[in-house]
Structure formats: structure tokens, C-alpha cells
Amino acid sequence: MWHLTCGDLAADSVRRLLGDGDGDGEAVRVLRDDLAVGPLADIESPPCAGRVAFWEGVWPAALAPRPDFASGLADDAEWLAGLASQPRPVTVWHGDSASEQLLLARVAAALEGSSLPFREVPCGTGDSRVGPRMAVSMHAPKALVALYQPRAVGPKRTAELASQWRAAVQDNVAIRRWVDGRFAAEDHARIDGQLLAACGADWMPLARVMAEVMSRCDGFFATDLFLYWRARQLAQRGTIQLSDSTAADYRGVQARRRH
């Protein structure tokens, strides 16, 4: 059985639950791409040049070690392309993260029309708003044990999920929020406006600005890496000022609105 998770923290939780043993035919595979943000047009077409270029731009130039985005994204695309032809059943763990839901939809597209057993382990509340939402990695170990009740994903649901994935790839927008069981597409205007609104006239820690935006970001988990990139983009446009636009670590950076 393949157990697929979105991100390392979720994978660590699932491995602890399973005992991390491949001898019983259980194996965890991590897909690290945050599918909620960035263009998806070539994500299934190695070398995924557009997707790679997006993440190369998001990653701070001074931050090391730098992931090998080219290899990682291409490997994921190739592995998923061959998923239906391998013998192991597939289980996707997911919560209320837009990225987790997009991963579920992406796997459904890879398995559509296949006879391979396909299961899901829902770990969310069904509500993607900041307060009630839950990602797989947010659950305590005992809670995750109780949630481990795999459900078969039938052909109808597989087709619906696959259709959502294809629509997300075709839309190729900047951000995808998960709202009421569907993906809502948008550009950067909303998130950029929230960053600007959180900045004051006086210098303040960028970390505080980003935390304010995170606390109000329904529909997807805005990561610190993504928000730091958007802050740098706003600084380049002259909308805000940063005390250091090249720092690897945003935690020492101050921000304010442009006077």
C-alpha cells in the first residue's frame, strides 16, 4: 500500500502510525509541492520548467540549502504518471489544506479509469476557514489513530476529483483556495492587499505582518516562504519598504508602508 501525504510533517505522523515498516507492504511517499500556489500548466510535463521557475523565484537567493526543484518536480510527475500501472493500492491522507485537497484530486486524475484500489483517509473538518480547519500534520498521534479509517474512492468520486484537478491545471492561476469543497481561483491582489494592510507607517517586524495575514487566510495555508516572497515583490514595486530584501531569514527583517 502506498500512503501519500502532502509534506514532511504529515508523512512523519503517518509513519509513526504505521510503524514506518515497508516489510508489511506499507510505504509512505511524500509529495512536497504546495499545489495551492503558483502556475500548474506544465506540472505534469517534465521538466516542468514553468513550475520550477516559480519555486526558484519564491525561494530566497541567500537561503541554503536550496532544494533541487527541477529533479523533485519532474520525479513527482513521472512517478504519478506510472502510478496506475504499478501493483500497490493507493491511500491519500488529506485534511482541509488546499494543497492536500489538490493532491487528492491530482492522484484521482492519475488513477482515473484504473482498477487499482484507491482509498482516502479524511483528516479534516470540511471547513477551510482558519479557526476550524485541520491538516493531517495538526493532529495528535492518538487522534490520527482514530481517524485511520480508509474509505474507498469510487469511480464517480474519482472522476469528479480528476475533473477538479484538470480545471485547476487549465486555469493556471496564482492561488487556489479550497472553499465549500471546490477550488476558487484568484490572482495575488487579495493576499498582497492583506500584507499591505498589516504594515504600519512605522517599522515593525515582518514576521508580525506575516502572522497577521496567516491568521486571516481562509481557504489555503499561506506559508511563511510564500508570504516572504510576496513581501519582497511588494518592496520591488515600491508599495512597502523592507529593511533587508535579500535576507535569507525574514525573522530579522523590518517592514513598513512606503511613505
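The structure presented is a predicted model; accordingly, all values stated were derived computationally and were not measured. The residues of the chain are indexed from 1 along the displayed sequence.
R157 contributes no side-chain N or O that, together with a main-chain N or O of A108, makes up a donor-acceptor pair within less than 3.5 Å. With hydrogens and angles ignored, the 3.5 Å screen pairs no side-chain donor or acceptor of R177 with any backbone N or O of R182. When atom types are taken as modelled, the side chain of E100 and the backbone of G95 share a donor-acceptor pair closer than 3.5 angstrom. Of the possible donor and acceptor atoms, one in the side chain of R51 sits under 3.5 Å from a partner among the backbone N and O of P39. Formation of a donor-acceptor pair under 3.5 Å by the H139 side chain with backbone atoms of C123 is found in this model. Formation of a donor-acceptor pair under 3.5 Å by the T158 side chain with backbone atoms of G154 is found in this model. Looking at S137, its side chain never comes within 3.5 Å of a backbone N or O of A10 through a donor-acceptor pair. Not one N or O on the side chain of E112 forms a donor-acceptor pair closer than 3.5 Å with the backbone of A109. A donor-acceptor pair under 3.5 Å is absent between the side-chain atoms of R176 and the main chain of E186, judged by distance alone. Although no hydrogens or angles enter the test, the distance criterion places a donor-acceptor pair under 3.5 Å between the side chain of Q149 and the main chain of A146.
Shown here for A110 and L80, the closest heavy-atom pair between the two residues is CB-O, 3.6 Å. Between V52 and A70, the shortest heavy-atom contact is CG2-CA, 3.7 Å. Nearest heavy-atom pair, V90 versus L116, reported as atom, atom and distance to 0.1 Å: CG2-CD2, 3.8 Å. When all heavy atoms of L161 and A105 are compared, the closest pair comes out as O-CB, 3.4 Å. Between L144 and S13 the shortest heavy-atom distance is CD2-CB, 3.6 Å. Closest of all the heavy-atom pairs between A255 and L242 is CB-CD2, 3.7 Å.
D96 and T125 share a side-chain donor-acceptor pair at under 3.5 Å. For the residue pair Q241/W203, the side-chain donor-acceptor check at 3.5 Å is not satisfied. Looking only at atom types and distance, the side chain of W55 has a donor-acceptor partner in the side chain of D33 under 3.5 Å away.
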Handout entry: Test side chain to side chain contact (heavy atoms under 4.5 Å, CB included) applied to Q254 and L206, step by step
Key = CA-CA 5 Å; Q254 300 285 307; L206 178 59; over 6 Å; no
Problem - Stepwise side chain to side chain contact (heavy atoms under 4.5 Å, CB included) check, V209 with L227 - result: CA-CA 9 Å; V209 174; L227 291 178; over 6 Å; no
Exercise for the section: Dump the intermediate steps for side chain to side chain contact (heavy atoms under 4.5 Å, CB included) on L234 and D192, then the final yes or no. Expected result: CA-CA 7 Å; L234 289 174; D192 287 356; 4.0 Å; yes
Practice task
Report the C-alpha distance between D34 and F221 in whole Å, list the side-chain angles of each, state the deciding distance to 0.1 Å, and finish with yes or no for side chain to side chain contact (heavy atoms under 4.5 Å, CB included).
Solution key: CA-CA 9 Å; D34 183 354; F221 286 79; over 6 Å; no
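In this structure, W229 has its ring center under 6.0 Å from that of F54. Note: W165 and F183 fail the aromatic proximity criterion, with ring centroids not under 6.0 Å apart.
The CZ atom of R88 lies 8.0 Å from the CD atom of E26; values are rounded to the nearest 0.5 Å. Of the inter-residue distances, the one linking E78 atom CD with S71 atom OG reads 9.5 Å to the nearest 0.5 angstrom. Annotation: the span from L103 atom CG to L31 atom CG amounts to 5.5 Å, rounded to 0.5 Å. Taken from SG in C199 to CZ in R258, the straight-line distance is 11.5 Å, to the nearest 0.5 Å. In this structure, the separation between CZ on R232 and OG1 on T246 is 9.5 Å, given to the nearest 0.5 Å. Residue W93 holds its CH2 atom at 8.0 Å from CG of L147, rounded to the nearest 0.5 Å.
Residue-environment remark: CZ (R66) exceeds the threshold of 12 foreign heavy atoms within 6.0 Å.
Residues D187 and I175 form no side-chain contact, since every pair of their non-hydrogen atoms from C-beta on lies 4.5 Å or further apart. Counting heavy atoms from C-beta outward, T5 and H94 have side chains that stay 4.5 Å or more apart. R15 is listed as a side-chain neighbour of V30, based on a closest heavy-atom distance under 4.5 Å. Between L4 and T91, the closest side-chain pair of non-hydrogen atoms is not below 4.5 Å. Contact annotation: the side chain of C217 approaches that of I191 to within less than 4.5 Å [non-hydrogen atoms, C-beta and beyond]. Within the 4.5 Å cutoff, no side-chain heavy atoms of V92 are placed close to those of Q101. Looking only at side-chain heavy atoms (C-beta outward), L225 and V58 come within less than 4.5 Å of each other. Between W2 and P89, the closest side-chain pair of non-hydrogen atoms is not below 4.5 Å.
Under the 4.5 Å side-chain heavy-atom criterion for ILVMFWY residues, no single connected hydrophobic cluster contains both V14 and L9. M204 and M210 fall within the same hydrophobic cluster, defined by Ile, Leu, Val, Met, Phe, Trp and Tyr side-chain heavy atoms under 4.5 Å apart, directly or through other members. The cluster map of Ile, Leu, Val, Met, Phe, Trp and Tyr, joined by side-chain heavy atoms under 4.5 Å apart, puts V153 and V136 in different clusters. Hydrophobic cluster membership is shared by V37 and W59, with clusters built from Ile, Leu, Val, Met, Phe, Trp and Tyr side chains linked at under 4.5 angstrom. Following chains of ILVMFWY side-chain contacts shorter than 4.5 Å, one can reach L83 starting from I43, so the two form part of one hydrophobic cluster.
With sequence neighbours excluded, the residues that form a side chain to side chain contact (heavy atoms under 4.5 Å, CB included) with R151 are E120, P122. Checked against side chain to side chain contact (heavy atoms under 4.5 Å, CB included), A248 has the following partners two or more places apart in sequence or in another chain: A62, L63.
The pair E44-R166 does not meet the salt-bridge criterion, since no charged nitrogen lies less than 4.0 angstrom from a carboxylate oxygen. We find that E212 and R208 are not joined by a salt bridge, their nearest charged nitrogen and carboxylate oxygen being 4.0 Å or further apart.
Tested against D76 for a salt bridge (Lys or Arg N to Asp or Glu O under 4.0 Å), the candidates R29, R32, R106 yield a single pass: R29.
A cation-pi contact, defined as under 6.0 Å to the ring centre and within 45° of the axis, is absent between R230 and Y228. Cation-pi geometry between R133 and F220 is not met at under 6.0 angstrom from the ring centre and within 45 degrees of the axis.
Classification of the H188-F226 ring pair by plane angle, with boundaries at 30° and 60°, yields tilted.
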